[in-house]
Amino acid sequence: MRRLKATGLSGDRAEAITTAIRESRDAGLTNLVTKTDLAGAKFDIMKWAIGSIGFQTIVIVGAIVALSGAKH
């Protein structure tokens with residue numbers, strides 16, 4: 001705030017600018033992702049991917065069995 005006042009801004013304007021910058025910085029810090037958040041997201045993605053692969057495998061095996069049984 002001292003630097004803003006030194007450039008000729010009034011005390012009220014310097015205070016308003018400093019407050020806006022501080023609030024913006026604090027809001028940005030509250031939205032940061034932690035390593036724990038990333039680990040949880042990674043686990044969820046892997047769980048869904050493995051589940052999808054398993055489901056697709058069951059569908060393909062079922063289709064093969066159905067097609068092989070239809071010819072006889």
Side-chain angles (χ1 to χ4, degrees):
M1 191 163 77
R2 288 176 281 154
R3 290 183 181 176
L4 293 174
K5 286 182 180 179
T7 62
L9 284 175
S10 67
D12 292 340
R13 286 186 180 186
E15 179 69 31
I17 291 171
T18 304
T19 301
I21 291 172
R22 185 174 294 123
E23 288 174 357
S24 175
R25 181 195 65 207
D26 292 343
L29 291 176
T30 59
N31 293 327
L32 291 177
V33 177
T34 64
K35 289 183 179 181
T36 305
D37 295 336
L38 288 176
K42 182 179 177 183
F43 175 75
D44 288 340
I45 291 169
M46 291 300 296
K47 182 174 60 173
W48 281 99
I50 291 170
S52 295
I53 291 169
F55 179 73
Q56 290 172 358
T57 303
I58 291 170
V59 169
I60 291 170
V61 168
I64 291 171
V65 168
L67 290 174
S68 67
K71 291 185 178 182
H72 293 284

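Fair warning: this is a prediction, and the values are worked out from it, not measured in the lab.
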A.B. asks: Hydrophobic side-chain clustering at under 4.5 Å (ILVMFWY, transitive links): who's grouped with F55? Put none if nobody.
C.D. replies: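 Reading the cluster by chain and number, F55 sits alongside V59.
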A.B. asks: S52: what forms a side-chain contact (heavy atoms from CB on, under 4.5 Å) with it, not counting sequence neighbours?
C.D. replies: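 Counting only residues at least two positions away or on another chain, S52 forms no side-chain contact (heavy atoms from CB on, under 4.5 Å).
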A.B. asks: Which residues satisfy the salt bridge (Lys or Arg N to Asp or Glu O under 4.0 Å) test with D44, sequence neighbours excluded?
C.D. replies: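 Salt bridge (Lys or Arg N to Asp or Glu O under 4.0 Å) check on D44 returns K47.
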A.B. asks: Linking Ile, Leu, Val, Met, Phe, Trp and Tyr through side-chain heavy atoms less than 4.5 Å apart, which residues share a cluster with V33?
C.D. replies: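 Besides V33, the hydrophobic cluster comprises L38, listed by chain and residue number.
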A.B. asks: Report all side-chain donor-acceptor pairs from residues 11-22 shorter than 3.5 Å, counting only partners two or more places apart or in another chain.
C.D. replies:
residue : atom : partner : partner atom : Å
E15     : OE2  : T19     : OG1          : 3.4
T18     : OG1  : A14     : O            : 2.7
T19     : OG1  : E15     : O            : 2.8

A.B. asks: Using a side-chain heavy atom cutoff under 4.5 Å and only I, L, V, M, F, W and Y, what cluster partners does F43 have?
C.D. replies: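 ILVMFWY cluster around F43 holds nothing else.
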